[in-house]
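Chain letters run A, B, ... following the sequence lines, proteins first, then strands; residues in each count from 1.
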Number of protein chains: 2
Amino acid sequence: MTLPAHPRSQPEDFALLDAWWRAANYISAGQIYLTGNPLLSEPLSLAHIKPRLLGHWGTTPGLNFIYAHMNRAIKARDLDAIFIAGPGHGGPGVVANSWLEGTYSEVYPAIGRDAEGLRRLCTQFSFPGGISSHAGPETPGSIHEGGELGYSLLHAYGAVFDNPDLLACCVVGDGEAETGPLAASWHSNKFLNPASDGAVLPILHLNGYKIAGPTVLARIGDEELTLLLRGYGYEPRIVAGQEPELMHRLMAGALDASLDAIRAIQDEARCDGFGRRHRWPMIVLRSPKGWTGPREVDGVPVEGTQRAHQVPLSGFADHPARVGLLEDWLRSYRPEELFDADGRLLPEIADLAPVGPRRMSANPHANGGLLLKDLRMPDFRRYAVAVPAPGATTAEATRAAGAMLRDIVALNARDRNFRVMGPDETSSNRLDALFEVTGRTSTAEILPGDDHVSPDGRVMEVLSEHLCQGWLEGYLLSGRHGLFSCYEAFIHIVDSMFNQHAKWLKVSGQIPWRRPIASLNYLLTSHVWRQDHNGFSHQDPGFIDHVVNKKAGVVRVYLPPDANSLLSVLDHCLRSRHYVNVIVAGKQPQPQWLDMEAAVRHCSVGLGIWPWASNDQGVEPDVVMACAGDVPTLETLAAVDLLRRELPELKVRVVNVVDLMTLQSPSAHPHGLPDAAFDSIFTADKPVIFAFHGYPWLIHRLTYKRTNHGSFHVHGYQEEGTTTTPFDMTVLNRLDRFHLAADAIDRVARVRDRAGHLQQALRDRLQAHRAWITTHGEDMPEIRDWRWTS
Amino acid sequence: MTLPAHPRSQPEDFALLDAWWRAANYISAGQIYLTGNPLLSEPLSLAHIKPRLLGHWGTTPGLNFIYAHMNRAIKARDLDAIFIAGPGHGGPGVVANSWLEGTYSEVYPAIGRDAEGLRRLCTQFSFPGGISSHAGPETPGSIHEGGELGYSLLHAYGAVFDNPDLLACCVVGDGEAETGPLAASWHSNKFLNPASDGAVLPILHLNGYKIAGPTVLARIGDEELTLLLRGYGYEPRIVAGQEPELMHRLMAGALDASLDAIRAIQDEARCDGFGRRHRWPMIVLRSPKGWTGPREVDGVPVEGTQRAHQVPLSGFADHPARVGLLEDWLRSYRPEELFDADGRLLPEIADLAPVGPRRMSANPHANGGLLLKDLRMPDFRRYAVAVPAPGATTAEATRAAGAMLRDIVALNARDRNFRVMGPDETSSNRLDALFEVTGRTSTAEILPGDDHVSPDGRVMEVLSEHLCQGWLEGYLLSGRHGLFSCYEAFIHIVDSMFNQHAKWLKVSGQIPWRRPIASLNYLLTSHVWRQDHNGFSHQDPGFIDHVVNKKAGVVRVYLPPDANSLLSVLDHCLRSRHYVNVIVAGKQPQPQWLDMEAAVRHCSVGLGIWPWASNDQGVEPDVVMACAGDVPTLETLAAVDLLRRELPELKVRVVNVVDLMTLQSPSAHPHGLPDAAFDSIFTADKPVIFAFHGYPWLIHRLTYKRTNHGSFHVHGYQEEGTTTTPFDMTVLNRLDRFHLAADAIDRVARVRDRAGHLQQALRDRLQAHRAWITTHGEDMPEIRDWRWTS
C-alpha cells in the first residue's frame, strides 16, 4: 500500500518556496529565450530573443520543483545532499538553481548575481562557447552528464557507497527509465548497506512523454507502477497533480515521510548492525510536461503534451504576436516579486538556500577531487613472482594482482575508499585473494553455503557490466578509488558509458574549479586468446580500438606480458589521476619473463628491447620481432627460440611493448616515444614482425607516422576463432610461433632463399598440430610444454 | 495473487516425460564428459572421458525439464513454438533435445541416431572443430546465441511480432536477469498486440547462482519477486522444488494454465479487436543448480550450489575413484531404459516429440531465411529530389527516405513483415511520413492527444537502443525485414549487440542448412556534425570504426552525400541479405548534388570522380579533394568552389565516396576497388585532401595498401566539439572549407609559394567566423547561404 503523503507544514511555508520555484522557472525559460532584458524591465521585443532557440523546457519545471523542496528539507534537517538530474535536458533548471544559490557566480565570477550576470547566464546557454542544454562537468554540483540516458541511479548509488552521511536525490526521467541500465539499476538497493553507506532517494518524474511518444511507465497506471517499484524494493509515494499549492503540500509531505523512513532504516542498521533489507522510500512525481509553461499555442495544447519537450514557443520573427505570448509567460512568474531592480534575488527568498557546502550546487561530493585521498598502497614488489631466468617460472598474472588488491583493500579498510567491481568473475579471474579480507557485497538474502557474500563486502559482483561501470563512475566522481575487472569481449557492453566518462574527464580537466579524480581502471582478462573454450562469441579484443578514439590526454592502454609487469602497471594505474586506464592481462598459467626489477624498468619506459631474447648484439638486426600482449609475447618468444636454434645466422631483435601509447608520436600522445628513440629500437628500415593482442590495424594506426611504418607486418586477431585449443586460436589468426617464424624468414632476403627446408618444417608442424588437436582435443605436448631455451 | 498450478494430467503421464528428461540429461552430461562408451555398454574408464573437460552443467537439467514439458504441450495443443535458451551455457541441453527429436541428425547426417552418432555428438562438444558450450547458429532451432547475456526476451518478442500463431518459450536465467537489457525487456509486453502478434512465455529459471555468487532475483523472496513481475505486467506461476514427480505435476499444471491464459488473451483480441492490455502469464521455475547431478563431491555439496555451475566432477586422472562417481551419476538416468542396444531412443519415448516442423528444433521460424519473402519495394526514383544543377536545391535527406519508408510499410501491409525501430526519434529524424500510414506501437494506455500511437503501429519507439536492436534482431532472424534509425553517438550503446549479431551472420553464413536472412540496416542520423546544439556528449562517429573490425563478408558502410544517393543506398540495403548495413545521413536541410540518375550511377560504383566539381579535365590534377559523408562533402565543395574562383590555376579533382568499403583492397573486402581503378581515381602520387565524416584514422586504415596512401591527408572528427554552430563544429575539427582549402594549397608546391595572400584571407575568414558566432550565436550569412557556383 502506498502511504499517503502527510502534510505537516503550515500552508504559509510554501509561499516563499513557491517564489523560489518561480524564480528558477523564470531563469530556466530565460536561458532558453533571452539574450537581453533578463528582468523584463522593459517590454520584451524581438531584439531580446535569441536568434537560434535551443534547449528543453519540458522536464525543467519539475526539476526546479524538486530542487526547491530538497532545499527546504536540507535546511530543516541539515542534510548533506547532492542532486542528480537524470532527465537529459534539464540543464536550464540545474543551472538556474545553482545561480540562485550563488554557487554559479562563485565558480564563474564573470556571471555575477545581478542583472548583468543574469543576462550573461541566459545568453551563454546553448550559445557558441557557452554551455549545453544538459547538466555536465561545467555545472556546479553535477556528477552526471545528462547526454546519454540511463545512468543517473547508478551514479547516485556509486556516490553514496561508503558515504554514510550523504543523500543522493536522484531524479529519474520517464524517458530514461525505459533504458536497460536504468531498469536494472533499481536493484542497486540490494548492494547498499544502510549501516555504512548513505542513501539514494529516487524521484521518478513522470511527465508522460519522451521527444514525441508517450513513456512506458507513465502509461501503466499507478497500481501496476506501484507493484513494479515495490518489486524493485522501494515504497513509492506518489505526488500527482499540477495545482502548485496542493502540489507543494503533497511534495513536502512525501519528502518528509521519505526522509523519515531513510533515517529510520539507517538508525536501525547503525544501532543494531545491518539486519535485514528494508523497502527504501522513493517518490513518483507525476506532473505535466512543460508545467507552468504555455497552456496552448495557436489553439494547440502544449503544457502537458509532447509539444512542451523542447522550445514551446518559437518562430518569433515570422509570428511577432508570439513575442507577447512569451512575455506573458515569463511575467507569469512575477519576476518583480523575486528580484530587486539590480537583479538580486530578494533576501527572504535567497534565505531559502542552504549555506556553503550544504548547497547541492556546492557539495564537495560532487567535485570528488576535493575529497580524494591517496590510496594507501602496499609495495607491489612484495607480490613479485620469482623469475630466476626468463621463462623459468610459470604463473597466473591476475593471481599475483589479486594478492596486491587484497592488501589494498585491507590497508584502506578504515578509509573505505576502494572497491572492486566485476560481473561475477572475481574468482574466475583469479582475483580471489580478495576474499581473504572481504566479501561480495549483498544486502539481499544470504544463505549458509554462499561463498564470501556479506553486506560489508567490498567486491561488487553483478551480472551487468552497466551496473559495474555506473557504480564505479559514481564512486570515482565522488572522490574514491576502484577497479573494474571484466571479460575482455563483454566490456564492449559499456562502450558508450566509457565514451561519456572519457568526455567528462576531458572537459572537466579543463575546468579550473574541478579537481582531478582517481582514474577509471579496467582490468580486462579472460581475453580473446583464451576464449578457446567459450568460442567465437566470447572473442573480441576491440575495446582498445574504441578507447584510443578518445582524446589522448585521458586514455592509457597497457598490455603487461607477465605477472611482475602487471603488478607494476597496476600500481601505476591505481596511483594515477583523471585517466581511463585499460589493462589487458591473462589469467591462465604462462611462462614468466621478467623479474621484478626488470619489469619495473620495462614498464617505466613502456616498451623496450629484450636483449636476453635477441641475438643482434653489436649488429643491426635482420628483423625485429615485436610483441604486445601476453599471448603474443609467448608466441613471439617461441618463434624466436625456434629461429635462433634453427637459423642462428638470422639476427633477431625482440621488442616488447607494455604501454601501447608509446607507439604513437609524441605529438599524438603524451606517452609517445620520441622519433629518434623509436627508430633506434624499431630500426629505420628493417622488417618488423609485430605480434599484437588485438586487431592488427591498431598497430598500423599508432605507428603510422613512424619512419619505418611501411615495414611493420602485424599479426593479430582477425575475427577467426571457434571452440578449439588455446594454441589453435593463435594458429587460426596466424599469430602462432610457426606463422611468425615463417613471416620473419620470408621478410629477410638474405636467409629466405636458403631456408626452404625450415619453411617446410614449419608448415609440417602446423599440419601436425591440426591433426593432433582433432584427435586429442588438446594441444600437442611440444606446444604445451615449450620452454624458452635460447 | 499467484494462481496455484493446477494439475490436470494423470500421474502416469509423466513416467514417459520423465524418461525423456532423463535421456536429455544423460546426453547433456555425456557431451561434457564422454568421448567413448556413450551408452555405458561397458564399465566406464578413464579412456572414455575427455582429456579436457569443458561445458556448463548447472543450468542444463532445468532447460531439459522445460523442453520436455514444452513438447508435451506442443503435442497436446499442436503449438507452433520455438525455444529460446537464455542461460548462456545451456548448449548441451538444447543439443541433446534436438538430437532426441531427430533434427540434429537430419541437418548433420554424420551424427546419426545411433550409438556411433551419439558418440560423435558427445565428442564434438567443446572439442576443437566441434561446437561451443552454448546454443548458437550451429544449433538447430536456435535464433539466439548464448554467449553474451541479456537479449533472450528481446529475441523472443522480436520473433513473435507479426507471427500471430507463434509461441516463443523463452527461458531467462537468473544471471541474465541482472543485465540491463533484460531488465528493460520485460516491458516488451507493452508493444505486443495479441490480435496480430504471437505470444512469449517467459520462464524465469532461478537456480540461485551465477558463476560464483548468488543472483539478485533468487534472493528477494517470492513475494517481492511476484510484485516485480506483476509490475512488469505478468502473472507469474511459481514452480519450485526438486522432487521430479512433484515437479512434473507442478510444471505441467503451470504450463497448461499459462497456455490457456495466452489463448484467452488472444481469443479476446482476435474476436473483439484489441481492447486492453492483459497481464500475460509467465512461469518462475525455482530448481536446484545442477539438478540431478552429483549431490556432493568429497563431502562438499555440489547440487544446488554454485559449484554445479560448470563441470561438477573433474580431475579424474588424479582421482581415479571419481570415474566411478561419474559412472554412478550417468547410470542414475538409467540409459538402459531409454535407448536400445544400437543407441536408438525407445519408440515410446521418441513418440513424445512433436512431428516435423512442430519440433522446436526444426521450427522454420528459427531458420528465418526459409520463410523470408522479398519486400515489395516501390521505385525509389519516385522520391527523388529534383536537382536541376548541383547545389541548386536544398533538401533534408532523411525526409526523402521517410517517404520511401512510408510506401514500403504500405506496400507490405498485408504481409506485415517490415518494421522500423528507433528510440523516439522517428519524427525528430524527419521520417515522419511514416505516420501517414502507420503509428507508433503501443498496447499500454493511449491518450487522446497522443501523436500517432496505436496498438497496430509498425514504428517501434522505445528509449532503449538495446530494445530496438534486440527486437529487430529477433524479427530478422525469424525471417522479416526492418530498419533501425538512431542518433549516431548513441548507437555505441549496442556495440556489443552488433558484435554478437555480426558474429552470428558470419558463422551462420557458413552453415549450409541456414538460409540467409534480411540484412540489419542502421540509419544513423542526427550525426556528429549536427550535434552542435546538444554538445560534446552527443558527438561520436566511432560506430563505423567498430563495425569494420568485423568480418568483411558481413559488414557494409555507406555515407550518401545527399537525398538521392540516400534513396539509392536505402533501396539497395533493404534488398540485401545477411549483412549489417550502416548508413550515415544527416537530417538537416543541405544542398543537393546529384540528380537521381547520377546518384544511382554513383552509388552503384560506390565512389567516383565528380567531373562537374573538378577542373582537371584533360590533365592530371594537382590535388585530389576527396570526401565521404554529407557535411564533409559540403565543406569540400565549398573549398573547391573557393579554390576554383581564387586560384584557378590549381587543378582540382573532386572524388566522393559513398561506399566506404570500396576504399579497401579487393583482398580485404569484396567491395574493394581494384588497385588500378583506385590509382586512376586517386592518382599514384598527388596529394589527397580527404574530408571524412568520422575519425580520420579509419581512412588511413582502409587505404593502407593503396599505392598513394602516403599522400592521404585526412580531416575528420578529432574529438573536439561543444555547444556551438553547425559550421563551427567543422572548424573546431579542421574539416571546414577554409582549412581544407588551405591544406590543398599547402600540399601543392607549384602554387603554395604564390598563394600567401589567399592563405591569409582564409585565416581572416576563420577569425571573422569566430567573432561573428560569438556575437550572433549563429553562423555568418556567407556560410549559411553559400551555394555552389563554379
Checklist entry - Can you check whether A/G91's main-chain N or O pairs, donor with acceptor, with A/S133's side chain at less than 3.5 Å? => result no
Checklist entry - What part of B/T725 lies closer than 4.5 angstrom to a heavy atom of chain A: side chain, backbone, both or neither? => result both
Checklist entry - Using the ring of each side chain (for Trp, its six-membered ring), is B/H309 parallel, tilted or perpendicular to B/H56, with breaks at 30° and 60°? => result perpendicular
Next on the checklist: Which atoms of B/H709 are under 4.5 Å from chain A, going by heavy atoms: the side chain, the backbone, both sets, or neither?
Outcome noted: both
Checklist entry - Considering only heavy atoms from C-beta outward, does the side chain of A/Q539 approach that of A/M729 to under 4.5 Å? => result yes
Item to check | Atom group of B/F125 that falls short of 4.5 Å from chain A, counting heavy atoms | outcome: neither
Item to check | Region of B/R440 that comes under 4.5 Å of a non-hydrogen atom in chain A | outcome: side chain
Checklist outcome for this item: When the 4.5 angstrom heavy-atom criterion is applied to B/Q306 and chain A, the contacting part is side chain
Next on the checklist: Does any backbone or side-chain atom of B/I211 lie under 4.5 Å from a heavy atom of chain A? Answer side chain, backbone, both or neither.
Outcome noted: both
Checklist entry - Under 6.0 Å between the ring centres of B/H546 and B/F498? => result yes
Checklist entry - Between the side chains of B/S537 and A/H134, does any donor sit under 3.5 Å from an acceptor? => result yes
Checklist entry - Is it the case that A/Y695 and B/K550 place a side-chain donor and acceptor less than 3.5 Å from each other? => result yes
Item to check | Residue part contacting chain A, namely of B/D728, when any heavy atom lies under 4.5 Å | outcome: neither
Item to check | Heavy-atom contact with chain A under 4.5 Å, split by part of B/T179 | outcome: both
Checklist entry - Which answer fits B/F127, side chain, backbone, both or neither, if we ask what part of it has an atom under 4.5 Å from a heavy atom of chain A? => result both
Item to check | Validation row, ring centre A/F490 to ring centre A/H538 under 6.0 Å | outcome: yes
Checklist entry - chain A heavy atoms under 4.5 Å from B/D424: which part of the residue, side chain, backbone, both or neither? => result both
